[in-house]
Amino acid sequence: MEERYHPELVEPKWQAYWKENQVFKVREDTSKEKYYLLEMFPYPSGKIHIGHVRNYTIGDVVVRYKRMKGFNVLHPMGWDAFGMPAENAAIDNNTHPAAWTYENISAMREQLKKMGFSYDWDRELATCRPEYYKWEQWLFLKMLEKKMAYRKESYVNWCEKCQTVLANEQVEQDKCWRCSKTVQQKKLWQWYFKITDYAEDLLVHCDKLPGWPDKVTVMQKNWIGKSIGSALKFKIDGKNEDIEVFTTRPDTIFGATFMCLAPEHPLVETLSRGTKQEDQVTAFVQKVSSQERSAEGIEKYEKEGVFTGAFCINPATLEKVPVYTANFVLMEYGTGAIMSVPAGDQRDFDFARKYGLEIRVVVQPEGDTLDGTTMEEAYTGDGFMVNSGEFNGLDNKKAMDVMTNWLEKKGRGQKTISYRLRDWGISRQRYWGAPIPVIHCPDCGAVPVPKSDLPIKLPEDANILEKGGSPLPTLDFFAKATCPECGRKDAKRDTDTMDTFVESSWYYLRYCSPRYEGGMFDHDAVKYWAPVDQYIGGVEHAVLHLLYSRYFMRVLHALGMIDFKEPFTRLLTQGMVCKETMTCPDHGYLFPEEALKEDKGNLVCTKCKKDVEVGRVIKMSKSKKNVVDPNELLEKYGADVTRLFCLFAAPPERDLEWSEDGVEGSHRFANRVWRFAMECLEKIDGLKPFKGAASDLSSKQAKDLYIKANQTIQKVTDDIDKSFHFNTAISAVMELVNVLYSIDLDSADDELKKVILFSLENIILLLSPILPHFCEELFEKLGRTGSIIEQPWPEYRKDSIKTDEVIVVVQVNGKLRSKFTIDAGVEEAIIKEKALADEKILKYVGDKKPKKIIIIRKKQTLINIVV
RNA sequence: GCCGAAGUGGUGGAAUUGGUAGACACGCUAGACUUAGGAUCUAGUGUCGCGAGACGUGAAGGUUCAAGUCCUUUCUUCGGUACCA
């Protein structure tokens, strides 16, 4: 008999068994209810990290549980294999992105297999394979046909020195991360998906996703950013042309004393041309174009602007108001032009003060008198209208509609809705991605590649340019093309690749029929499996990935390819894995193994013996060195104990604080179960686990244990099924194990032994989703055959979860004063009588007559005596 | 600034609809066993107090027989987002 659990022997044994017997292979089976569980697939960076381990462990437990519950479960895994890290690694290590990616995939696949996850590996996919991205290109062409994809000119971050486009995260304080040259905004022609067509639908359905955390739907709603307002037209003075603005405050139009255009607004140039303002305007636009217009950037720049030299007519007052261009107006939002009401908007107020523009109060708060010349900040609240002609005295909230209607009659405005959401730009001037299947012809323009030519394969033998640029435009055999329309030989292939979010927007459908060659997916397979019942991943994808996926399903739905619109019925966003940082005064951040614990309990740096400062508990990251390596955990504790700790330390949605001591504790628990099982095998022979009701048992000890075991089954089932709170499920099993340890096996009679066997067997079944290898092994040792995952999930007996006696908690004036036990069925009068006769209670009640006595008989039995 | 979440022992965390606060685990203390143990077992462990007892869920109020849980105000931390007109 093995004294201890030996993961190095047991885990490979069962992994081999699972593989050999194809235990996790699934296919459509209409006789069973399906369950599709998916964890967000990883980017193949080379090594799995502890965040993956946690994510996939959570999913694996649910999958194994559902399998035992009788569901036909789809649980696939694959690789989000395109993306920039491969290009960077290629430059840094003088290798090729493809080689690097494929090596990483095989290394990570091995690691995942060692964790014992129940994937159907036959469904594995990698998005960088032409068999995969062929269908993405196919969909692109379809979207192009339906005008769901289009091309427009827009700005990208561009590094002149590296001759490449930079993603936002590659821009560090306005500079290129690789060469530190200041990044410029460059205008390029790019492909877009018209996600804005679905802004309203995506927004409305946020409220129809009950299985999603509110946090995520709220973030999506904010991202879509719907606002209701009015589109108003201001006629340009001296021209027969209008400037259209969007405002959420049409009630303040009488206070619009100037107008501001975004620097990129086409009218800025037109209006200033030929005026004495021209030079100033050009200089200003130039200056703003080099400013970083991101979150941090904005803080740095003061609100400023330049008069364009033109005026326009306020449609309400009919006054001439000056037109400015200002750095705080965004071209991408609304119409790129705003009517400025300095009395009612803080930005406009600051701007007006700076340039000496009129501040005219139009909304007066109740019981106050604001004055534009003396007020210190804008008033954005509600009130009644002033200085607004015929509308004076009206409540401003009512005025919004009234005034919009008034302007509408004059042909100067109408009610409208604006969204913050912008179309999805998918062109990337990068190499390691799916090529965009378009050919540019000097005569025919952008021509779709014929579907029969798909896939347009990414040439895998090309080398990344030294500075990180894409080699595709330089490769004649790739870039030179014949126009499919007119046959011109000097056409040029589109050398951009697609955003990697495109691949991840539909991969979960591909899993349903991963080798299907007739289309993106086999309709019957998708009809059976999709949508995903439970999706699990990091909250960092709350907006982009999840929103793009929701959009893609709407596209496929519109194309008649699927009959649902929401890809993920339930979503769990798991918390981050955190750990304290450690710093040495000389060596900076230290890895855990670089800090040595001395006898006194203090930590010192292994290099210089100086005291280590222990910092805050934060998300694990390589740069802070507060990491643990899953490989080392596997080596030291095995997969099962690692899984156990990930689940026990915190509920899944919360951040998990990594603790080496905690892992030790999990290790100890596993061995406690192991040793108990071994002792049972040795001392209990020839008996079968007890079957029946608690009332059939004669001894109190057997009865109590049997009830406890049944309660444990109930608790574990509820915790997994209803809330994924594995930590409390594990606690419940620990309690049962503790009870078992309190029993002396040598003096136990056969009846008790049978109940012990019942308990042990159920402990193994209940723990099997969490500790799969461990439980398979114990199950086998108990003489059972086959994989434990093919066993039915245990059911508790309803007649055996309540004890005969209950504890009565006695309170006097709401304070706990005494307790006693009593038969569960007794009448209230008896409880009252017994409570009032209680010695300790008499002390508090004395001869006072109780004013009120409250008896509660729910989970607890409680009596509160009020005197 | 705005939106969201969370504050409970030395630590991670438990506590259906308000009903014994601190389950379970880590750590710590003492003991047992052992050639040894970072193995294992037993007991103890919210704070103050010799004690009876009092006090305790970020803070302050409130509702209630009864509040970690409900209401009001407030503080802190974390996450998201941002000249969005």
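Heavy-atom basis, side chains included; hydrogens, waters and symmetry copies ignored. Lettering of chains follows the sequences in order, A, B, ..., and the numbering in each one begins at 1.
As a whole-Å value, the separation of A:L261 CG from B:A85 C1' is 13 Å. A straight line from CG of A:D350 to C1' of B:C83 spans 10 Å, rounded to a whole angstrom. Going from atom CE of A:M678 over to atom P of B:A39 covers 20 Å, rounded to whole Å. To the nearest angstrom, P of B:G12 lies 12 Å from CG of A:D655. Going from atom CD of A:Q220 over to atom C1' of B:G79 covers 16 Å, rounded to whole Å. Atom OH of A:Y741 is separated from atom P of B:A43 by 14 Å (rounded to the nearest Å). Rounding to whole angstrom units, CD of residue A:E332 and C1' of B:A82 are separated by 13 Å. For the pair A:H265 NE2 and B:A85 P, the computed distance is 17 Å after rounding to whole Å.
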At under 4.0 Å between heavy atoms, how does the protein contact nucleotides 16-38 of chain B? Give one character per nucleotide, 5' to 3', with B, S or -. BB-BB--BBSSS-----------
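The salt bridge (Lys or Arg N to Asp or Glu O under 4.0 Å) search around A:D661 returns none, not counting sequence neighbours. Scored by the side-chain hydrogen bond (donor to acceptor under 3.5 Å, both in side chains) test, A:N762 finds no partners at all (sequence neighbours excluded). For A:E540, there are no side chain to side chain contact (heavy atoms under 4.5 Å, CB included) partners at least two apart in sequence or on another chain. A:A352 pairs by the side chain to side chain contact (heavy atoms under 4.5 Å, CB included) definition with A:F258, A:P342, A:L357, A:I359, not counting sequence neighbours. The side chain to side chain contact (heavy atoms under 4.5 Å, CB included) search around A:D350 returns A:K303, A:Q346, not counting sequence neighbours. Taking the side chain to side chain contact (heavy atoms under 4.5 Å, CB included) definition, one finds that A:I853 meets it with A:K832, A:L836, A:P850, A:I855, A:I863, A:I865, sequence neighbours left out.
Nearest-nucleotide positions on RNA chain B place A:V539 closer to the 5' end than the other of A:I338 and A:V539. Taking the nucleotide of RNA chain B with the nearest heavy atom to each of A:T248 and A:A649, the more 5' of the two is matched to A:A649.
Listed nucleotides B:C3, B:A14, B:C84 differ in distance to A:V218; the shortest reach to its side chain belongs to B:C3.
Residues A:S747 and A:D744 have side chains that bring a donor and an acceptor to within less than 3.5 angstrom of each other. Judged purely by distance below 3.5 Å, without hydrogens or angles, the side chains of A:T581 and A:N626 never pair a donor atom with an acceptor atom. For the 3.5 Å distance criterion, the side chains of A:R4 and A:H667 qualify, holding a donor opposite an acceptor.
Between the side chain of A:K303 and the base of B:C83, a donor-acceptor pair under 3.5 Å is found.
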Sort me out a list of protein N/O and nucleotides 47-52 of chain B N/O pairs below 3.5 Å, or just none if empty.
none

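The nucleotide B:G79 finds its pairing partner in B:C3, both defining distances of the Watson-Crick or G-U wobble pair being shorter than 3.5 Å. Base pairing analysis places B:U34 opposite nothing; no Watson-Crick or G-U wobble pair with both distances below 3.5 Å involves it.
Using a 4.0 Å heavy-atom distance criterion, A:R857 is classed as making no nucleic acid contact.
Between B:U17 and B:C71, the two P atoms lie 13 Å apart (nearest whole Å).
Residue pairs meeting the side-chain hydrogen bond (donor to acceptor under 3.5 Å, both in side chains) criterion with at least one partner in residues 854-867 of chain A, sequence neighbours excluded, do not occur; the list is empty.
In this structure, B:G68 shows a glycosidic angle more than 90 degrees from zero, which is the anti conformation.
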